[in-house]
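Just below is one structure, and these are the notes that go with it.
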Amino acid sequence: MFIVKNKLVRTMKFLNLCILALGCSLNMAAQNAPVTPPIMGWSSWNTYRVNINDTLIKKQADAMVQAGLKDAGYTFINIDDGFFGWRDEKGVLHTHPQRFPNGVKGVVEHIHSLGLKAGIYSDAGSNTCGSIWDNDANGIGVGLYGFEHQDANLYFNEWGFDFIKIDYCGACQELSLDEEKRYMEIRQAIDKVAGSHIAVNVCRWAFPGTWARNVGSSWRISPDITPEWRSVKSIIAKNMYLSAYAGGGHYNDMDMLEIGRGLSQQEEEVHFGMWCIMSSPLMIGCDLTTIPSASLELLKNPELIALNQDPLGLQAYVVQHEGESYVLVKDIEQERGKVRAVALYNPSDEPCDFSVPLEVLELGGKVNVRDLVKRQDLPAVKEILKKHLPPHSVLLLRMEAERRLEPSRYEAEWAYLPCYNDLALRPKGVLYAPMAEASGGMKVSYLGGRKENYAEWNKVYSEQGGLYEMTVFYVPDKYRKLEVKVNNEKTVSLNKLEEGNGKSLASLSIRVHLKAGYNVVRMGASYCWAPDIDCFTLKRIGEPD
Ligand code: GLA
């Protein structure tokens with residue numbers, strides 16, 4: 001009996017292990033399943049604004065193929081504002097009588113005949129942005145407002161477009177609608193009439209909120225780009241702390257590219273390189289028939305394109321920030337593998353010396369380094385990466401280590417904040433805020449007050465699982481409370497926080513159990529403000545139970 005029982009126990013243990021292994025490998029497979037990458041293509045707005053026509057669009061589509069950009073991965077030709085004519089008494093939309101006298105269907109057919117995809121533009125309200133900013137009278141009354149189903153049928157079923165960018169000028173200037181509700185109505189109309197395969201871009205010129213991923217595959221995070229260094233720099237700054245919202249085939253859109261429109265070679269490298277490592281859509285905005293050859297070569301750089309189209313679809317995040325310099329990193333090729341992409345970014349007007357301990361990048365042992373812009377191997381490094389960068393420049397690296405190290409610090413500015421948006425709609429909304437004393441120079445402010453307003457780190461990684469000491473660095477304020485949840489199970493409520501002057505930091509340590517693999521950590525306070533959070537660190541102090 002004893003032997004039989006023993007055998008049974010062994011068999012059960014074996015089966016359990018098999019189920020565990022199967023679960024793990026399914027989990028890994030799900031984690032490593034490729035996602036739809038950011039879209040790549042050309043769009044008419046940056047060079048032509050509303051002055052477009054059918055011949056021009058067809059010529060640009062031809063040039064995209066001839067210049068080798070289609071082969072490099074660029075597939076969309078997007079018609080932006082300017083094609084609108086008028087809406088007739090039945091509500092049917094017509095194209096501009098001079099610019100598109102024969103409609104756009106033929107243009108779409110031409111684009112498709114080249115093996116490319118076609119994108120179109122509209123507004124969530126009644127009037128387009130061009131009607132306001134470019135005095136395009138034909139843009140009045142042609143937006144989607146009140147015509148969602150009819151226009152979706154026309155754009156996607158009759159004309160055959162594959163993508164739509166939905167602007168917000170009309171909706172915010174004349175109608176003052178609720179963004180989330182309005183965009184959801186339009187998404188539902190598109191799904192009903194044409195199908196969920198139609199890609200949507202939300203164009204609200206600021207990070208609109210976490211709802212945007214239910215509407216579109218990308219959303220603009222900034223005002224319109226211009227072909228000037230200060231514009232490129234300000235958009236990168238806007239996207240610096242939005243990595244938590246990209247992922248799973250959804251991307252922060254840094255706007256159409258100004259490559260080939262007068263920036264210096266080095267500034268173009270920053271522009272393209274940062275759009276690539278931040279996984280922004282790559283929509284070329286210059287005249288493809290006259291593009292300078294250096295700009296064309298940059299746009300076709302296969303190693304930078306691979307960085308942007310990487311199967312993990314992640315956005316790089318800031319791991320070191322000193323003065324005006326930034327170091328960003330993201331996993332590529334395999335999650336938590338030994339290969340990572342790194343950007344050393346110097347937006348300042350002065351040269352800058354970078355000194356990056358490799359453990360900050362979670363890389364151990366000897367690390368092979370490749371320059372992705374120059375497409376050259378650089379000398380391997382150990383322990384520290386030191387580089388000197390000129391002003392307005394970036395070094396984009398593929399780094400392959402001997403070992404991947406377990407992270408020990410999680411910044412607040414990496415956290416996913418479900419209630420965050422950058423629309424400045426209400427005071428005291430949760431946000432990422434600068435704080436000189438904080439690690440990385442950033443903290444999260446206005447957490448708590450209600451259950452939903454928390455900060456979440458959903459990839460807190462432990463190699464083997466175990467007991468950890470978690471130290472939370474926060475801005476002390478004795479009237480606030482902090483709730484910490486690990487894997488939605490254990491809640492630690494801390495009611496006795498230190499008093500402070502709002503400028504210095506305090507820390508508190510708690511013991512938490514982490515399972516092997518990814519863990520989810522949440523911080524907030526359900527009924528009163530939580531303190532501002534700088535970061536938390538983890539130190540393993542014991543074996544798993
Ligand atoms: C807004 C958008 C631009 C462009 C114009 C068209 O400004 O942000 O990208 O589409 O409208 O009028």
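Ligands are counted one by one from 1 in listed order, and the atoms in each one are counted from 1 as well.
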(Q) So that I can tick it off, tell me whether Glu180 and Arg204 are bridged by a salt bridge, with the cut-off set at under 4.0 angstrom between side-chain N and carboxylate O. (A) no
At less than 3.5 Å, what protein N or O atoms come close to the N or O atoms of ligand 1? Include the distances to 0.1 Å.
unit_1: ligand 1; atom_1: 7 (O); unit_2: Asp224; atom_2: OD1; d: 3.4
unit_1: ligand 1; atom_1: 7 (O); unit_2: Asp224; atom_2: OD2; d: 2.6
unit_1: ligand 1; atom_1: 8 (O); unit_2: Trp205; atom_2: NE1; d: 3.1
unit_1: ligand 1; atom_1: 8 (O); unit_2: Arg220; atom_2: NH1; d: 3.2
unit_1: ligand 1; atom_1: 8 (O); unit_2: Arg220; atom_2: NH2; d: 3.4
unit_1: ligand 1; atom_1: 8 (O); unit_2: Asp224; atom_2: OD1; d: 2.5
unit_1: ligand 1; atom_1: 9 (O); unit_2: Lys165; atom_2: NZ; d: 2.7
unit_1: ligand 1; atom_1: 9 (O); unit_2: Arg220; atom_2: NH1; d: 3.2
unit_1: ligand 1; atom_1: 10 (O); unit_2: Asp80; atom_2: OD1; d: 2.7
unit_1: ligand 1; atom_1: 10 (O); unit_2: Asp80; atom_2: OD2; d: 3.4
unit_1: ligand 1; atom_1: 10 (O); unit_2: Lys165; atom_2: NZ; d: 2.9
unit_1: ligand 1; atom_1: 11 (O); unit_2: Asp167; atom_2: OD2; d: 2.7
unit_1: ligand 1; atom_1: 12 (O); unit_2: Asp81; atom_2: OD2; d: 2.7
unit_1: ligand 1; atom_1: 12 (O); unit_2: Gly130; atom_2: N; d: 3.2

(Q) Students often mix this up, so state it plainly: with edges at 30° and 60°, are the rings of Trp414 and Tyr317 parallel, tilted or perpendicular? (A) perpendicular
List, one per line, each side-chain donor-acceptor pair under 3.5 Å for residues 103-117, sequence neighbours excluded.
unit_1: His110; atom_1: NE2; unit_2: Asp62; atom_2: OD1; d: 2.7
unit_1: His112; atom_1: NE2; unit_2: Asp162; atom_2: OD2; d: 2.9
unit_1: Ser113; atom_1: OG; unit_2: His110; atom_2: O; d: 2.6

Q: Could you tell me how the ring of Trp205 sits relative to the ring of Tyr168: parallel (under 30°), tilted (30 to 60°) or perpendicular (over 60°)?
A: perpendicular
Q.
For Trp159 and Phe83, take the angle between the two ring planes, folded into 0 to 90°, and tell me which bin it lands in: parallel under 30, tilted 30 to 60, perpendicular over 60.
A. perpendicular
Q: Run the salt-bridge test on Arg99 and Asp54 with the 4.0 Å N-O cut-off and return the result as yes or no.
A: no
